[in-house]
2 protein chains.
Amino acid sequence: MTEPKSDVPAHGPARRRVVPAIALESGLTEQEQARLSAIGRVQRYAKGATILDAEGEPAMLASVLDGFVKLQKTRLDGRRQIVGLLVPGEMIGQVYGARPDFESEAATDVMLRTFDRRRFRTLLDDIPRLEHNVLASLLHEFEAAREWMMLVSGHSVTERFAGFLLLLCRRWPESCCSVSADGRNAMVRLPVSRADLAQYLGTTVESISRAVQQHVRDGVLGMRSASQFEVLDFPELIARSGHEAPPPA
Amino acid sequence: MTEPKSDVPAHGPARRRVVPAIALESGLTEQEQARLSAIGRVQRYAKGATILDAEGEPAMLASVLDGFVKLQKTRLDGRRQIVGLLVPGEMIGQVYGARPDFESEAATDVMLRTFDRRRFRTLLDDIPRLEHNVLASLLHEFEAAREWMMLVSGHSVTERFAGFLLLLCRRWPESCCSVSADGRNAMVRLPVSRADLAQYLGTTVESISRAVQQHVRDGVLGMRSASQFEVLDFPELIARSGHEAPPPA
DNA sequence: CGCCTAATTGACCTCCCTCAACGCGGGTGG
DNA sequence: CCACCCGCGTTGAGGGAGGTCAATTAGGCG
């Protein structure tokens, strides 16, 4: 259960966990689960919808059930800086700190479980195991934040795009499909537009396009459609991302 | 105690907390503190020393007592990418996850309290309050990571350098001194070399130098020595960092 | 006083951001 | 059924920020 044993070689065979399925409920008694459910509501947001405003009171907490959510901050000049992409299992909103911090926006259609922040904290005091689960979720998010940092600080756009594809495979394997036996190639579907991608990677649509075509020309990627790629050479793609290869164990 | 009431207006009067002094011991009983002390050892590392290797077994955990520690990852091309700077109160090493993840290196001379990881986790199960403190420390680190991300993704080098100075004042006020009454100017001491700074900001020593001279020419900064700056115009420096102004409350 | 390292400055060149044009598909209305 | 349009992706030309290499200057220490 902690190792979903996916057949997707999230760059390289079986790296890390794939979809964490960190659930707030795990390990809770029936009664505790009931208390948690009592204050939670499942809500859906359409792609592009703002979930939490940076200014608004952070009265809500939410756990991502499906889809992904971008965390961003608006700069003085109006540009939006993405600081992270939340995948299922991660939490939106400051559980402890009161500061609103970042805006969260639905990057795709998403499904959330929302909680009243005050009530959730009460529960947190009552149920140590819940605090433990929150901590686990937080750690996961933390790790993701560092990965994200490695990604956006990759130097060339080509590098960042390669890194993004790999990140996608590793953290969101459902958008990756049909990997060949030798693990050298796979199909990847980009769930976002070029414009979004440009924003994520801190660049422009034009540069994204050029980076993609570069990879295609070099035979690392094949393109079925604008959002459907075939990875033709995994090792080369990894090399181009500039990151460490996964532990060859 | 949680509000050290520093007279340093960490860019703008009294923003957030200044030095958190998050201690693992806080709120523990005498006996619990004794158990914690029993497995901890105070250790010193000279500037530049490697504390934890990315490859080595993560058998050790540590809490930073003094100085600061850089978290970094080595890229394929040998360049080192800094993903964070740990200040006193924060923890090194994965408390839960087993993955070594990042190398940690002493950015200045540092003093740590180190723990055997296995024993620490045992303690964690026994003392819920300790887990709570770890969580608090982690949250702090998390927040710092996002701030760091905002910093390094600032677009021009000039912007990033301005942001770094402000971050330094906010998170490490001891390196900032003698702020004038109106809060417009202050002395700031850079605790690191240009080479380190370049690494932190993802750029080169030359570009750092040019950025500094730019600020000096424009009258935003004065330079007493290579590592001693006088902030002549705080508001302008903040504006140049490209970040939101601190809440003007 | 001479050495060594850190910091600065200059010249050059690459990458990518900007502005602009163009191709393509999918709708809608005639 | 076809013409048109509009959003999206791609391509091209030009310029600016900054990385790279190299030379010069300023500080610390024997």
Side-chain angles (χ1 to χ4, degrees), chain A residues 47-48 75 77-82 107-108 151-165 188-218 221-230 240-242, chain B residues 47-48 75 77-82 107-108 151-165 188-218 221-230 240-242:
Chain A
K47 170 171 180 167
R75 290 184 158 253
D77 58 11
R79 300 175 62 126
R80 301 194 152 183
Q81 178 61 50
I82 303 254
T108 60
L151 182 66
V152 297
S153 56
H155 293 83
S156 73
V157 173
T158 317
E159 216 169 310
R160 293 204 290 268
F161 179 78
F164 185 81
L165 275 190
V188 184
R189 195 182 60 83
L190 270 188
V192 295
S193 71
R194 293 287 194 276
D196 284 332
L197 199 51
Q199 196 192 349
Y200 302 159
L201 302 185
T203 181
T204 61
V205 283
E206 295 92 332
S207 294
I208 293 285
S209 187
R210 283 184 248 269
V212 170
Q213 303 304 324
Q214 179 73 42
H215 287 306
V216 170
R217 268 197 303 281
D218 300 349
L221 290 180
M223 231 175 57
R224 296 292 172 86
S225 78
S227 63
Q228 196 79 11
F229 295 93
E230 184 175 1
R240 288 181 176 216
S241 78
Chain B
K47 171 171 179 166
R75 291 186 157 253
D77 58 12
R79 301 176 61 126
R80 300 193 154 184
Q81 178 61 49
I82 302 255
T108 60
L151 182 67
V152 297
S153 57
H155 290 82
S156 74
V157 173
T158 317
E159 217 170 312
R160 295 204 289 268
F161 179 78
F164 184 81
L165 276 190
V188 183
R189 195 182 61 82
L190 271 188
V192 295
S193 72
R194 294 287 194 275
D196 284 332
L197 199 52
Q199 196 191 352
Y200 301 158
L201 301 185
T203 181
T204 60
V205 282
E206 295 92 332
S207 294
I208 293 285
S209 188
R210 283 184 250 269
V212 169
Q213 303 304 324
Q214 179 73 41
H215 287 305
V216 171
R217 268 197 305 280
D218 299 349
L221 290 180
M223 231 175 60
R224 296 291 173 88
S225 79
S227 64
Q228 196 79 12
F229 296 93
E230 183 175 2
R240 289 182 176 216
S241 78

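So that the names make sense, note that chain A is the first sequence line, chain B the second, and so on, each numbered from 1. Note that these values count all heavy atoms, side chains included, but never hydrogens, waters or copies made by symmetry. Bear in mind that the values here come from a model prediction, so they are computed numbers and not experimental data.
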Please list residues of residues 194-210 of chain B whose heavy atoms come under 4.0 Å from any atom in DNA chain D, ordered by number; otherwise none. B/T203, B/T204, B/E206, B/S207, B/R210
Nearest atoms (heavy-atom pairs only) where B/V157 meets B/A211: CG1-CB, 3.9 Å
Mind listing the closest non-hydrogen atom pair of B/A198 and B/V205 along with its distance? CB-N, 3.6 Å
About how many Å separate OG of B/S207 and CG of B/L197, when rounded to the nearest 0.5 Å? 11.5 Å
Here the gap from B/E159 atom CD to B/S153 atom OG, rounded to the nearest 0.5 Å, amounts to 9.0 Å
Taking atom [atom2] of [N] as reference, at what distance in whole Å does atom [atom1] of [X] sit?
X: A/Q214; N: D/dT11; atom1: CD; atom2: C1'; answer: 14 Å
X: B/Q213; N: D/dA17; atom1: CD; atom2: P; answer: 18 Å
X: A/L190; N: D/dC8; atom1: CG; atom2: P; answer: 15 Å
X: A/K47; N: D/dG7; atom1: NZ; atom2: C1'; answer: 13 Å
X: B/H215; N: C/dA7; atom1: NE2; atom2: P; answer: 17 Å
X: B/H155; N: D/dG16; atom1: NE2; atom2: C1'; answer: 15 Å

Tell me if a side-chain donor or acceptor on B/R160 pairs with a main-chain N or O of B/H155 at a distance below 3.5 Å. yes
Does any donor atom in the side chain of B/R217 or B/Q214 lie under 3.5 Å from an acceptor atom in the other side chain? yes
Side chains of [X] and [Y] in contact at under 4.5 Å (non-hydrogen atoms):
X: B/M223; Y: B/V212; result: yes
X: B/H215; Y: B/L165; result: no
X: B/L151; Y: B/Y200; result: no
X: B/L221; Y: B/F161; result: yes

Using a cut-off of 4.0 Å between protein heavy atoms and nucleotide atoms, how would you tag nucleotides 25-30 of chain D 5' to 3' with B, S and -? ------
Ignoring the backbone of A/S193, work out which of D/dG18, D/dG9, C/dA7 is nearest its side chain. D/dG9
Among D/dT10, C/dA7, D/dG18, which nucleotide has an atom closest to any side-chain atom of A/M223? D/dT10
In B/I208, B/I82, B/D196, the residue satisfying side chain to side chain contact (heavy atoms under 4.5 Å, CB included) with B/L201 is B/I208
Could you work out how much the helix from C/dC1-D/dG30 to C/dG30-D/dC1 bends, comparing the axis of its first five pairs with that of its last five, to 10°? 20°
